[in-house]
Structure formats: C-alpha cells, structure tokens
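Below you'll find the structure, written out as structure tokens, and then a few comments.
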Amino acid sequence: MRGLPSIDELLTRPSLSDALSRHPRARVVAALRHAVHTARTRLLRGEPRPFEDSDVHEALAELSRPRLRPVLNATGVVLHTNLGRAPLADAAAERVREVARGYSNLEFDLDEGERGSRYAPVIDLLRELTGAESAVVVNNNAAAVLLVLAALCSGREAIVSRGELVEIGGGFRVPDVMRQSGAHLVEVGTTNRTRLSDYEEAITERTGLLVKVHKSNFAQVGFTEEVETAGLAGLASRRGVPLFEDLGSGSLYRLHSPGLTREPTVREVVKAGADVVTFSGDKLLGGPQAGVIVGREELVERIRRHPLNRALRVDKMTVAALEATLELYRDERYAEIPAVRLLEQTPGELRARAQRLQELLAACGVSVRVVETVSQVGGGAMPLAAPSSWACAIEEGDAAALQARLRSASVPIVARVHEDRLLLDVRCLPDTELEQVAASVASTLGPARDKGH
Ligand SMILES: *Cc1c(COP(=O)(O)O)cnc(C)c1O
C-alpha cells in the first residue's frame, strides 16, 4: 500500500505529462484519484499487480467519454427498451436541437403576447391524426395511465377484465398503478374469458370508469374471449360511464410488412367509441418518450387541470420532438420515421445489407455466414410478430465472450447469441455504419483468435 503514489507525485510524473496535458485539470485530478483507488482495491483483493501508468490512461479514457452514449443495435429488436426504444427522425432531432439551445415560445402565445399552453403545438396534430376532440401529453404512458385514473376515477371504481391486469415490464403493473391513483379496482371475468355481461353486472353508482388495457406484450390463445372496444363503448354510453383504453403502443399508421401482426391504430380505437385513449410516444409511433392522452374534450380538460399533471408534465425537448414526428405523419412521410422504416424493410433489402456486411468483414479477414433470422418489434408491442430478417453469423470462438467484447468496442455493438453463434442482425444497423461495424468486429475478433489458437 505504501508503494501507491500520491496525487501530487502523479501530477508531475514525466511519463504521464503528455497524457495529462490533454485534459482539463479537474478531470485529471479526478482520474488520478480514481486510478489510485483502483490500484488500492486490487491490492486489497490480494492481486499482486502494483500501480501502473495504464491505470491513469484507463481512468482518463473512462472520464472522457459520456456514460450515456450511442451504441449499434445488432439485436434486430427495433423498439429495444434497454437501448432507448425508438430512434428519433432526423427532423425531430433537429427540432430538439433548435428549441433546446435557446429560448422558445413553449408557454408563450406569440399572437397575444401572453401565457400560452405547452400542449398547443401538438393538440391540433393529434386531433387530426387520431380523430379525437382533444389531447394532453405527459412524460410516458405509465404516467398517462396514472393521471387518467387519478383525474377521472379517484375514490371511485374502475372496472377491468382479469385478463388485462397485466405487468407491462420494468415492474409496471396495471393493478399497482390503479391503486396509486386512488381508484378502486373491480376485477371482472376470468383470466381467459371476459364477457360484456361481466362488465355490465359490475356497474354501480360508484363506477367511475370502464377500463380496457391493450394486450401489447403478451397474447392469449385457446379458449379465450374478450370484449372489443366497440362493445364496451356501447355499454359505457348506455350507462353513462366513460370508457378508458390504455392502448400501449399507439400506432398512427398501419404497418404493412409481412410478419407483423395487426395492431389497432389510435384512430380506430377512438372511432370505436373509447372516450379516453393513452399511448406511448416512443413505441410504434416512433417519437420521443411521452404518454399521449387523447379523448373527449370535457374529460381531457379534467385531466389537464388535475394537479398531478403538473408533476408529470413534458419538457420543451419532448414537445419539439413530438411535434416534428407528428408532422411527418401528417405529411405522410412515413419512411422518414425510423421505427416505421426499420419495421417496413423488405427481406431483399435486409439480405443485401447482410451480404454487404459480409463483404466488408471479409475485407478485414473475418469470414461469416449470411443467415436468415427473425427480428422482433420490441418495446412490448406485437408479441406474436415474427418479421424475418437477415444476419451475419460468426461461428468461430466463444459466442458469449465475443458478445461481451463487442459491447466494449469504442462504439459498443449489442448483438445476439443464438444456438452458440453470434448473430449480427442487420435490421437496425444503418448502412452508413456498416464499415464501422466490420472494423470493430474484426479488431474484437483479433485478440479472441490469438487466445483461442
Ligand atoms: C408500454 C405500455 C405502457 C407503459 O408505457 P411507457 O411509455 O413505457 O410508460 C402502459 N400500458 C401498456 C398497455 C403498454 O404497452
């Protein structure tokens, strides 16, 4: 331990002076502390390795790159929640940049010169695209569900099918959220079958909402029955109770690609008679993380005025990205929305990209096989969809070890292991990055090979 250098000594160590001079002083000091700490931890663990200059170089490299940074998605999962879900359209990213770097009219009405609404930029677009009367936007769809229930059903009963009391992922369970909102849950039907009469018999003067939760991340097969939105909407209006549907994904456009399943669009659900509908901004819609609430004016107004709305409100970057994304839908420029484009690629296109990657890898001395595979939509959407895709399969070496090494590349590559081989699914790899992927894979395989042979 006594052999560990002091920070002062390191600051003047000639072998480090070059490296240290390239960084701001505060970062240098933080890196030196970090390096000494690493070496001390090593010694305490009984490893014989003493302090080395390389500890400083590693600490500097670590502190010089952001912890949140771009990765290359070779998993084939388009809406990968762990990888940030939907990539934004260029137009949306550009709009965020414009609005984020300076002041904006976020809550300022430029015509009247007085306070305006931060939802104004997206309300008209959402009305046009969904057919709903009004809209409000919060941080994510989980927040939207919480807010709708709190505003419309607190202290009252929310009737929901047992087959829809689901966990969305990341510990988000519909019954827990309902409890947090102050709504009392009334479960009807059974896990596999719920009929209209089940809802009907549960309605009392305490009922605040009929709730329908879209089965976005799972499917039921066999002896099943559920009530469609239109059926529930009829009951709701006969009995004077609003119908709330948590749609999850909120598609604004019907995806056509083979292998995808049919997902209701927001417009269809609104048309079928749901009074309030919520959906995510960053699932199939392909925009920023957000929870969109659309529905009847009078209900949306109550939701907007609820105090929780203030706690869940979106910031200017979200409004900017959402407005730009919705404009692409309005203008029918679907191919410019990455989530849509990535899901609508043809097998021919994907195969050609895999072949191109194979060539680039071959030029780096790496031979791979081009194989057909199956991608996923991800983000808890279309659980049964199996869009076919193409991948480069690396069949040499230990697939799991190689997968780990690719994650530590300068631009990390996240790939999938299937049947003991590493698959680079090209669905979500941009054409412009293929050379980088090839170079990265080649340099990663290099050391693995030396070890293996
Ligand atoms: C994904 C999902 C949510 C949660 O949406 P986030 O935007 O991730 O908060 C809620 N309900 C359903 C049905 C979903 O599919």
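This chain uses plain numbering: 1 for the first residue, then up along the sequence. First listed ligand is number 1; within each ligand, the first listed atom is number 1.
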### Query
Does the side chain of E107 come under 3.5 Å of the side chain of Y119 through a donor N or O and an acceptor N or O?
no
### Message
Any donor-acceptor pair under 3.5 Å linking the side-chain atoms of T373 with those of D425?
### Response
no
### Message
Please enumerate all residues that pass side chain to side chain contact (heavy atoms under 4.5 Å, CB included) together with V188, with sequence neighbours excluded.
### Response
I159, V186, T194, D198, Y199, A202
### Task
Using side-chain hydrogen bond (donor to acceptor under 3.5 Å, both in side chains) as the criterion, point out the one residue from R193, Q220, K212, R195 that pairs with E226.
K212
### Query
Does a side chain donor of either R95 or T325 reach within less than 3.5 Å of an acceptor in the other side chain?
no
Between the protein and ligand 1, are there any N or O atom pairs that come within less than 3.5 Å of each other, and if so, what are their names and distances?
{"residue": "ligand 1", "atom": "5 (O)", "partner": "S280", "partner atom": "OG", "Å": "3.2"}
{"residue": "ligand 1", "atom": "7 (O)", "partner": "N141", "partner atom": "N", "Å": "3.0"}
{"residue": "ligand 1", "atom": "7 (O)", "partner": "S280", "partner atom": "OG", "Å": "2.6"}
{"residue": "ligand 1", "atom": "8 (O)", "partner": "R85", "partner atom": "NH1", "Å": "3.0"}
{"residue": "ligand 1", "atom": "8 (O)", "partner": "R85", "partner atom": "NH2", "Å": "2.9"}
{"residue": "ligand 1", "atom": "9 (O)", "partner": "N141", "partner atom": "N", "Å": "3.2"}
{"residue": "ligand 1", "atom": "9 (O)", "partner": "A142", "partner atom": "N", "Å": "2.9"}
{"residue": "ligand 1", "atom": "11 (N)", "partner": "N141", "partner atom": "ND2", "Å": "3.4"}
{"residue": "ligand 1", "atom": "11 (N)", "partner": "D246", "partner atom": "OD1", "Å": "3.3"}
{"residue": "ligand 1", "atom": "11 (N)", "partner": "D246", "partner atom": "OD2", "Å": "2.6"}
{"residue": "ligand 1", "atom": "15 (O)", "partner": "S216", "partner atom": "OG", "Å": "2.4"}
{"residue": "ligand 1", "atom": "15 (O)", "partner": "K283", "partner atom": "NZ", "Å": "2.8"}

### Query
Do you see a donor-acceptor pair shorter than 3.5 Å between the side chains of R416 and Q403?
no
